[in-house]
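Not measured: the values here are computed from a predicted model. In what follows, chains carry the letters A, B, and so on, assigned in the order in which the sequence lines appear, proteins first and then strands, with residues in each chain numbered from 1.
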There are 2 protein chains.
Amino acid sequence: MKISEGVEWGIHCVTVLALVPPPTALPAGRLAEYHGVPPAYLAKHLQALSRAGIVESVAGPKGGYRLARPAREITMLEVVVAIDGSEPAFRCTEIRRRGPSAVGPEGYPLPCGIARAMWAAEDAWRAELAKRTIADLVMGIAVDADPVAVEKAVTWFGEVMR
Amino acid sequence: MKISEGVEWGIHCVTVLALVPPPTALPAGRLAEYHGVPPAYLAKHLQALSRAGIVESVAGPKGGYRLARPAREITMLEVVVAIDGSEPAFRCTEIRRRGPSAVGPEGYPLPCGIARAMWAAEDAWRAELAKRTIADLVMGIAVDADPVAVEKAVTWFGEVMR
DNA sequence: GTCCCTATACTCGGATAGCAAGTGTCCGAGTATAGGCGG
DNA sequence: CCGCCTATACTCGGACACTTGCTATCCGAGTATAGGGAC
């Protein structure tokens with residue numbers, strides 16, 4: 001099991017966008033430059049965030065991406081699901097219905113107990129991610145980040161928006 | 001994100017092995033036949049379970065696999081980790097250290113807040129799986145399974161062990 | 001009848017191909033901007 | 001000097017190759033068994 005690298009990029013980008021004062025928009029190319037990742041591939045994930053209604057795109061010069069809602073109303077789970085998909089990680093293939101002990105569809109009114117347990121674990125995972133909002137992440141950065149790094153980021157942002 | 005199909009097979013196999021009275025062992029080929037899956041591929045996962053000390057292998061005729069410990073002492077998490085690996089699903093690539101705001105290694109004493117949140121969610125997932133033992137799954141089957149299916153399984157087992 | 005020996009056949013174990021999904025990239029459609037022109 | 005128009009350049013959006021890891025398979029090494037023979 002592994003989570004797409006795009007999820008990490010997406011969360012970082014949304015966090016950065018939360019720091020951009022509306023109605024300013026930040027282009028995908030600038031976000032890629034800031035994070036040191038391939039611009040074209042990052043664009044792919046930003047499109048997914050746009051489709052999910054987490055960010056909104058502005059076309060033309062001075063365009064780019066900006067948050068579609070306040071950071072306080074965007075959970076980490078929403079971002080993860082937007083990029084990684086909403087399908088459960090565990091997919092029950094119903095192997096209990098195969099082999100010598102199979103008895104026809106009516107013999108299995110409930111989902112497999114193994115699948116239920118795996119899905120319960122995934123629910124716990126989602127619940128934990130649903131607790132945290134992008135605003136929480138921004139506050140965490142404000143507390144943890146190195147002051148010099150923050151200053152450099154602000155300087156960069158000023159130059160980009162010139 | 002998706003979980004290897006082998007995880008599903010592995011848990012089913014361990015559950016079946018929990019129903020085999022020791023010291024009897026069940027060969028990989030019979031387990032594959034019972035579940036309707038490719039024998040060679042299932043063998044690969046059973047080897048992983050063996051390496052993890054969850055099942056133990058018995059060589060030669062009348063050999064096969066059997067549980068290395070009582071089902072009550074084997075958690076679902078152990079089985080999942082044995083097959084899927086223990087590495088976290090979310091891997092932080094430290095993209096915060098790249099780009100125009102980077103400040104050198106000493107500026108990042110703590111792990112990235114995003115990674116911490118993702119890992120906390122994974123911990124919740126693991127905790128949920130660690131709660132359930134194979135014995136719990138066996139009890140669940142005893143309650144849920146169709147009586148006819150159980151009888152067919154018992155009949156099959158009797159023929160195989162003849 | 002009992003014990004030992006040997007040949008057998010069955011088991012696991014790791015090394016080897018094939019395929020799907022994620023990774024990475026590109027170019028085309030659309031649009032707000034900025035400059036120039038006319039009034 | 002002000003307003004309108006047009007050409008521009010920048011943006012997003014979806015369609016196209018490539019690589020990693022899961023899927024699937026095979027054959028070789030090791031061993032407990034079962035049968036036969038000797039005692």
Side-chain angles (χ1 to χ4, degrees), chain A residues 1-10 13 17 23-33 35-66 68 80 82-85 87 89-91 93 95 160-162, chain B residues 1-10 13 17 23-33 35-66 68 80 82-85 87 89-91 93 95 160-162:
Chain A
M1 181 176 56
K2 77 185 177 72
I3 290 179
S4 165
E5 198 174 7
V7 169
E8 181 186 9
W9 301 359
C13 284
L17 289 178
T24 309
L26 207 53
R30 295 285 168 266
L31 280 167
E33 174 188 336
H35 290 112
V37 299
Y41 189 31
L42 179 62
K44 190 185 190 69
H45 297 304
L46 288 170
Q47 288 164 27
L49 291 174
S50 178
R51 273 192 294 268
I54 293 171
V55 303
E56 60 188 12
S57 60
V58 180
K62 297 285 180 184
Y65 290 96
R66 64 186 171 203
V80 172
I83 293 175
D84 206 58
E87 292 164 22
F90 182 86
R91 292 147 301 156
T93 59
I95 63 176
V160 165
M161 282 299 130
R162 187 183 305 168
Chain B
M1 181 177 55
K2 77 184 177 71
I3 291 179
S4 165
E5 198 174 7
V7 169
E8 182 186 8
W9 301 359
C13 285
L17 289 177
T24 309
L26 206 54
R30 296 286 170 266
L31 280 167
E33 175 188 337
H35 290 111
V37 298
Y41 188 32
L42 179 63
K44 189 184 190 69
H45 297 304
L46 288 171
Q47 287 166 26
L49 292 174
S50 177
R51 271 191 295 268
I54 293 171
V55 304
E56 59 187 13
S57 59
V58 179
K62 297 285 180 182
Y65 291 97
R66 65 187 172 201
V80 172
I83 293 175
D84 206 57
E87 290 165 23
F90 181 85
R91 292 148 302 157
T93 59
I95 62 176
V160 165
M161 282 298 130
R162 188 182 303 168

Under 4.0 angstrom, heavy atoms only, what part of the nucleic acid is B/Gly64 near: base, sugar-phosphate, or nothing?
-> sugar-phosphate
Checking all strands, does B/Ala25 fall into the base, sugar-phosphate, or nothing category for heavy-atom contacts under 4.0 angstrom?
-> nothing
Could you state the interatomic distance from [atom1] ([X]) to [atom2] ([Y]), rounded to the nearest 0.5 Å?
X: B/Thr93; Y: A/Glu5; atom1: OG1; atom2: CD; answer: 5.0 Å
X: B/Cys13; Y: B/Ile54; atom1: SG; atom2: CD1; answer: 12.0 Å
X: A/Leu49; Y: A/Leu17; atom1: CG; atom2: CG; answer: 9.0 Å

Within this structure, what is the [atom1]-to-[atom2] distance between [X] and [N], rounded to whole angstrom?
X: B/Glu56; N: C/dG13; atom1: CD; atom2: C1'; value: 16 Å
X: B/Arg30; N: C/dC10; atom1: CZ; atom2: C1'; value: 10 Å
X: B/Arg66; N: C/dC12; atom1: CZ; atom2: P; value: 12 Å
X: A/Ile83; N: C/dG22; atom1: CD1; atom2: P; value: 13 Å
X: A/Gln47; N: C/dG24; atom1: CD; atom2: P; value: 16 Å
X: A/Leu46; N: D/dC12; atom1: CG; atom2: P; value: 8 Å

Identify the two heavy atoms, one from A/Thr24 and one from A/Arg66, that lie closest to each other, and give their separation to 0.1 Å.
-> O-CB, 3.6 Å
Smallest separation among heavy atoms of A/Ile83 and A/His45, with atom names = CG2-ND1, 3.8 Å
When the nearest nucleotide of DNA chain D is assigned to A/Gly63 and to A/Arg51 on a heavy-atom basis, which residue is associated with the more 5' position?
-> A/Gly63
How would nucleotides 21-34 of chain D be written as a contact map, 5' to 3', with B for base contact, S for sugar-phosphate-only contact and - for no contact, using protein heavy atoms under 4.0 Å?
-> -SBBBB---BBBS-
Taking OP1 and OP2 of D/dG13, is either one under 4.0 Å from a side-chain nitrogen or oxygen of A/Ser57?
-> yes
Can you name the side chain to side chain contact (heavy atoms under 4.5 Å, CB included) partners of B/Pro39, sequence neighbours left out?
-> B/Ala32
